[in-house]
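Below, all heavy atoms of this structure are taken into account, side chains as well, without hydrogens, waters or symmetry copies. Chain letters run A, B, ... following the sequence lines, proteins first, then strands; residues in each count from 1.
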Amino acid sequence: MRRTDEATNPTIQLHYDHKSIEKKWQDRWEKQRTAEVDLRHSQRKYYMLMMFPYPSGDRLHVGHGRNYILGDALYRYLRMHGKRALNPMGWDAFGLPAENAAIARGVHPTPWTFGNIKVMKEQFRRWGILYDWSKEIASCTPEYYRWNQWLFLKMLEKGIAYKKRAPVNWCPSCNTVLANEQVVDGACERCGTAVVQRDLEQWFFRITDYADRLLAGLDGLDGWPEKVKLMQRNWIGRSEGAEIDFAIAKGDTREADPVEAKITVFTTRPDTLHGATFLVLAPENPRAIELIAEHPERAALEDWIDKVRNTPRIEREGDSSAKEGRPTGRYAINPATGAPIPIWLANYVLPGYGTGAIMAVPAHDARDLAFARQEKLPIRLVYVPENWPVGSSGDSLEEPVLDQGVMRDAPPFDGAEAGPETIQRFIAWFEEMGVGRAKVSYRLRDWLISRQRYWGTPIPIVYCEEHGAQPVPEKDLPVVLPVDVEFTGREGNPLGRVASFVETTCPKCGGPARRETDTMDTFVDSSWYYLRFLSAHDSTKIFDPAIAAKWAPVDQYIGGIEHAILHLLYARFVCRVLHDFGMVPFEEPFTNLFNQGMITRFSEKSGRIEKMSKSRGNTVSPDDLIEQMGADTERVYTLFIGPPDKEAEWSDEAVSGAHRFLSRVWRIGQRLNEAPPIGPADGELERQRHATIQRVTQCMERFAYNTAVAALMELTNALTRALEEKTASRFACEAAFDSLLQLLHPMAPHLTEELWEQRDHIESLLDTSWPEYDEAKIRRARIELVVQVDGKLRDRIEIDADADERQVRAAALASEKVQEHMGGRELAKAVVVPGRLINLVTRR
RNA sequence: GCCGGAGUGGCGAAAUGGUAUACGCAGAGGACUUAAAAUCCUUCGGCCGCAAGGUCAUGCGGGUUCGAGUCCCGCCUCCGGCACCA
């Protein structure tokens with residue numbers, strides 16, 4: 001039984017003093033401004049960025065830490081490869097929680113936000129994360145948000161920003177508009193009152209004009225996860241189809257009413273036109289009111305339209321919600337059959353998609369079939385499926401016929417089969433007859449940026465009685481958010497009650513005017529912030545195009561999957577807008593994207609394993625963890641917990657494994673300092689050193705920090721053993737230890753710097769070059785080779801590494817175990833995988 | 001419903017079509033200690049066997065291959081996104 005030196009040598013500390021070591025290095029990094037980058041003179045550019053956080057009142061937990069620890073490990077790794085990356089950090093500082101805190105506690109959002117920023121910045125410091133703080137930004141400062149306003153004006157000038165009436169979520173009790181996120185189960189999150197739709201004048205960005213470019217750009221984003229690209233594709237939701245015009249009939253005759261305008265529908269199945277037995281308009285469609293103008297029960301119908309309009313979106317668009325409709329009493333003419341078909345209004349047609357009107361083809365669409373059944377409307381089969389009973393009508397249809405069958409009674413298309421060619425033939429036919437055309441529709445809607453909230457960027461518009469909406473001239477920017485505001489929480493936007501803000505003069509005529517009191521969606525702030533880091537203190541322009549051309553786009557962006565759609569789509573949109581303004585030479589803001597997985601933990605509240613969050617009460621505080629075991633332990637455990645892109649469950653017990661590992665590294669260092677080992681010059685430790693450098697480097701290149709840590713644990717175990725058993729030379733031990741410290745530095749920066757300094761290296765570990773390996777030194781002279789018989793492992797033999805196939809075969813056949821399992825059968829063939837195995841296949 | 005992703009020991013997990021279970025946690029046994037903590041050593045998928053060894057096992061059922069956790073086909077379960085989008 002081996003005895004350990006620790007037991008008899010009291011001078012070696014079993015655990016290291018993480019508190020003083022971590023403080024020492026954090027102070028030094030801060031004092032030396034370690035991560036500062038000179039944007040004008042730096043030779044090699046590399047821009048990495050972690051999504052900037054919202055400074056909420058809650059301290060960051062270890063789940064948040066994963067993002068920043070991952071990023072810092074990358075930063076240090078790159079730096080040791082000679083790339084001094086730009087790695088800035090800032091604050092996404094506008095948003096609702098600040099306003100809610102103001103209402104709840106009477107604190108103004110400004111000091112509240114800056115207090116939170118201070119706390120979070122200290123947390124970053126205690127994790128040992130290196131940011132270039134000289135470029136710090138906070139989106140709630142006039143120095144930042146004035147450029148939101150500048151961007152808005154520029155977009156207004158180009159017609160990309162515009163105003164229109166739009167339905168929004170309205171709480172009748174709070175008397176204010178709510179963001180979608182503030183509507184919980186159809187009710188106001190604050191007072192519980194059912195939320196209704198209300199039409200209001202709102203500002204929009206014309207993102208739908210960029211739909212095709214945003215879609216096409218995804219194809220070139222090789223550095224993005226497929227999952228995110230797919231989510232964006234689905235969100236944009238491009239559908240190819242056709243628009244078809246339906247004339248309105250005189251009464252229920254086959255004759256068109258020459259006075260009435262036609263109704264245009266959008267469909268992805270123009271080939272089913274013969275089966276359209278009625279039209280359906282969204283009740284909100286402006287044509288609905290016209291069509292019921294002469295209806296005997298007009299008032300009741302208008303009440304019903306209002307009721308549908310006031311139904312919350314959540315309820316209306318839910319899967320389980322009932323279909324409800326009313327006939328208008330009017331008819332349209334099916335251009336394929338010439339037959340009059342009734343026009344209905346129904347809640348299952350959405351006003352915002354396509355033309356807000358559809359042709360209903362019950363035989364070939366599940367929703368139309370359900371509605372036709374419910375209202376006893378005719379069902380006409382166009383595509384007849386195989387084995388369809390002769391003589392039976394569409395009314396006996398159980399399910400819609402979707403992608404099969406042959407067309408019948410649909411001149412001139414009888415015999416056609418469902419598919420893209422038939423659709424093209426129909427579109428050509430429409431164009432010939434002048435009743436329709438090919439059309440592409442998108443699920444994506446224009447970006448509504450108006451918010452009836454205080455804590456955001458004021459929209460730089462004034463309303464003049466005479467001249468209407470007027471942009472604030474650029475020279476008058478920023479429109480500063482007033483500080484002297486009352487937060488009562490009872491009514492709408494507090495800005496509306498600040499007379500000194502609202503009352504102004506028209507920039508055109510100097511007459512009395514009122515300011516716009518809406519503020520911008522905070523996603524506007526984050527849609528271009530990566531460019532502001534490059535000109536953080538420039539008070540003359542939004543950013544310097546020359547610096548942006550050199551440093552942007554961001555080479556590596558790191559953040560949570562929750563931003564897969566909104567933030568990343570908006571940023572890609574605004575980047576194209578800036579490109580079209582001639583301000584940046586690229587269209588994609590983020591070349592490579594990495595989404596780290598969530599950290600989960602058991603929640604007492606729900607009894608389930610859930611995402612770590614304060615509201616679920618399952619957070620782990622890094623403050624306590626750092627106090628007890630140190631930041632390096634948290635860092636190593638976080639990186640070791642599992643593949644960084646997958647979600648991972650936090651284990652309080654398993655953290656101690658990371659701490660034990662670091663303590664072992666510490667003890668090796670102490671031992672090397674105090675009692676240099678003397679052993680034989682054995683190549684094995686040196687071989688393992690090279691093999692570990694190779695493994696760790698390959699792991700780090702593909703963000704596989706979990707297996708990189710595992711490889712370092714193995715090297716540590718090998719080194720410990722070599723020291724105890726005195727099987728390696730002093731030189732080999734010291735070389736292995738130095739490489740270990742270098743490879744471990746990105747994960748555990750404080751401990752490794754301290755040990756590096758103890759070994760009398762002058763240069764900081766961070767400034768050393770990443771160790772290199774020699775493949776020749778990884779190879780062994782003799783290797784263990786697996787021998788299979790008919791694919792089953794039967795023996796392992798030791799053999800020269802450079803033995804040729806004939807020698808390998810002879811050695812394998814010489815094995816007694818192999819002979820036994822071959823059972824006298826003849827050898828059919830032998831498959832040799834060099835360096836690994838030989839498979840002897842017998843003839844059976 | 002549509003589109004993704006994932007199912008491997010008691011647990012977190014590893015594995016370019018080539019030795020399944022590396023690394024770590026927990027457990028068991030031991031050393032040191034008056035004792036505990038810490039540290040160190042050994043052991044640790046199931047079944048059969050004193051052992052050597054055999055055999056089964058990567059959600060389930062098939063297939064391709066000398067060889068499948070990995071590739072193909074068909075299912076099951078869980079997670080995520082979208083969802084009355086015509």
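Every residue meeting the salt bridge (charged side-chain N to carboxylate O under 4.0 Å, His left out) condition with A:R689, not counting sequence neighbours, appears here in chain and number order: A:E686. Listed by chain and residue number, A:Q688, A:T692, A:L740 satisfy the side chain to side chain contact (heavy atoms under 4.5 Å, CB included) test with A:L715 (two or more places apart in sequence, or in another chain). Residues meeting the side chain to side chain contact (heavy atoms under 4.5 Å, CB included) test with A:Q788, sequence neighbours left out: A:V786, A:L837, A:N839. By the ring-ring contact (aromatic ring centres under 6.0 Å, His included) test, A:Y442 is found to be paired with no residue, residues two or more places apart in sequence or in another chain being considered. In this view, A:Y705 satisfies the side-chain hydrogen bond (donor to acceptor under 3.5 Å, both in side chains) rule with no residue, not counting sequence neighbours.
Atom CG in A:D271 sits about 13 Å away from atom C1' in B:rA86, given to the nearest Å. Spacing between atom CG of A:N595 and atom P of B:rG80 amounts to 16 Å, rounded to whole angstrom units. Atom CE of A:M629 and atom P of B:rC25 are 12 Å apart (whole Å). Atom CH2 of A:W344 and atom C1' of B:rA86 are 18 Å apart (whole Å). Note: CD (A:E647) to C1' (B:rG80) measures 9 Å, nearest angstrom. In this structure, A:Q670 places its CD atom 16 Å from C1' of B:rA38, rounding to the nearest Å. A:E725 places its CD atom 11 Å from the C1' atom of B:rC41, with the value rounded to the nearest Å.
Using a 4.5 Å heavy-atom threshold, the side chains of A:L273 and A:P270 count as separate. Here the side chains of A:L685 and A:C733 are in contact, with some heavy-atom distance below 4.5 Å.
Taking the O4'-C1'-N9-C4 or O4'-C1'-N1-C2 dihedral as appropriate, B:rG63 has a value more than 90° from 0 and is therefore anti.
Residue contacts shown for A:R660 are limited to sugar-phosphate atoms, with no base heavy atom under 4.0 Å away. Residue contacts shown for A:V265 are absent, as no nucleic acid heavy atom lies under 4.0 Å away. Among the heavy atoms of the strands lying under 4.0 Å from A:T268 are primed sugar atoms or P, OP1, OP2 only; no base atom is included. Among the protein residues, A:S441 comes within range of no part of the nucleic acid, since none of its heavy atoms lies under 4.0 Å from any strand. The residue A:L837 sits close to a base: some heavy atom pair falls under 4.0 Å.
Remark: A:F640, A:I641, A:P643 in residues 636-644 of chain A come within less than 4.0 Å of RNA chain B through at least one heavy atom. Looking at residues 695-713 of chain A, you'll see A:R702, A:N706, A:T707, A:A710, A:M713 sit with a heavy atom under 4.0 Å from some atom of RNA chain B.
Residue A:T716 holds its OG1 atom at 7.0 Å from CG of A:L744, rounded to the nearest 0.5 Å. How far CD of A:E226 is from CE of A:M231: 13.5 Å, rounded to the nearest 0.5 Å.
Closest to the A:S656 side chain, of the nucleotides B:rA86, B:rG81, B:rC25, is B:rC25. Closest to the side chain of A:R667, out of B:rC40, B:rC84, B:rG81, is B:rC40. Here B:rC82 is the nucleotide among B:rG24, B:rC82, B:rA86 with the atom lying nearest to any side-chain atom of A:W235. Picking from B:rA83, B:rG12, B:rC25 the nucleotide with the shortest atom distance to the side chain of A:E653 gives B:rC25. Looking at the side chain of A:I358, the nearest of the listed nucleotides B:rG24, B:rU19, B:rA86 is B:rA86.
A distance of about 46 Å separates the P atoms of B:rU34 and B:rA15, rounded to the whole Å. A distance of about 28 Å separates the C1' atoms of B:rG62 and B:rA14, rounded to the whole Å. The P atoms of B:rG30 and B:rU8 are separated by 34 Å, rounded to the nearest whole Å. Nucleotides B:rG80 and B:rG67 place their C1' atoms 35 Å apart, quoted to the nearest Å.
Under the 6.0 Å distance and 45° angle rule, A:K323 does not count as a cation-pi partner of A:F371. The cationic atom of A:R443 (NZ for Lys, CZ for Arg) lies less than 6.0 Å from the six-membered ring centre of A:W235 and within 45° of the ring axis.
Nucleotides of RNA chain B nearest to A:K323 and A:T720 differ in position, and the one nearer the 5' end is that of A:T720. Mapping A:G352 and A:V786 onto RNA chain B by nearest heavy atom places A:V786 at the nucleotide closer to the 5' end.
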Step-by-step side-chain hydrogen bond (donor to acceptor under 3.5 Å, both in side chains) determination, A:Q232 to A:W224: CA-CA 11 Å; A:Q232 292 216 350; A:W224 279 41; over 6 Å; no
Criterion salt bridge (Lys or Arg N to Asp or Glu O under 4.0 Å) on A:R695 and A:E714, from CA distance to verdict: CA-CA 11 Å; A:R695 266 177 78 189; A:E714 286 184 63; 3.3 Å; yes
Trace of the side-chain hydrogen bond (donor to acceptor under 3.5 Å, both in side chains) decision for A:T264 with A:D245: CA-CA 4 Å; A:T264 302; A:D245 306 323; 2.8 Å; yes
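Using a 4.0 Å cut-off, no side-chain N or O of A:Y348 falls inside it from OP1 or OP2 of B:rA86. Between A:R836 and the phosphate of B:rU16, there is no side-chain N or O to OP1/OP2 separation shorter than 4.0 Å.
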Nucleotide pairing, RNA chain B (Watson-Crick or G-U, distances under 3.5 Å), in dot-bracket with [ ] and |: (((((((..(((.....[....))).(((((.......))))).((((....))))..(((((..]....))))))))))))....
Protein-to-nucleotide contact annotation, 5' to 3' order, nucleotides 47-57 of chain B [B base; S sugar-phosphate only; - none; under 4.0 Å, heavy atom]: ------SSSS-
Sugar-phosphate or base contact per nucleotide [nucleotides 61-66 of chain B; S, B, -; heavy atom under 4.0 Å]: -----B
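Aromatic pair A:F523/A:W447: centroids not less than 6.0 angstrom apart. A:Y637 has its ring centre less than 6.0 Å from the ring centre of A:W650.
A:H364 contributes a side-chain N or O that, together with a main-chain N or O of A:Y383, makes up a donor-acceptor pair within less than 3.5 Å. Side chain of A:R572 to backbone of A:L214: a donor-acceptor contact under 3.5 angstrom is found.
Other residues, nucleotides and ligands contribute at most 12 non-hydrogen atoms within 6.0 Å of the CD atom of A:E240.
Within the structure, every pair that satisfies the salt bridge (charged side-chain N to carboxylate O under 4.0 Å, His left out) test and touches residues 640-662 of chain A, not counting sequence neighbours, is listed here: A:R601-A:D652.
Of the options A:N717, A:V696, A:T707, a side-chain contact (heavy atoms from CB on, under 4.5 Å) to A:L712 is made by A:V696 and by none of the others.
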Which pairs, protein N/O on one side and nucleotides 5-7 of chain B N/O on the other, fall under 3.5 Å?
none

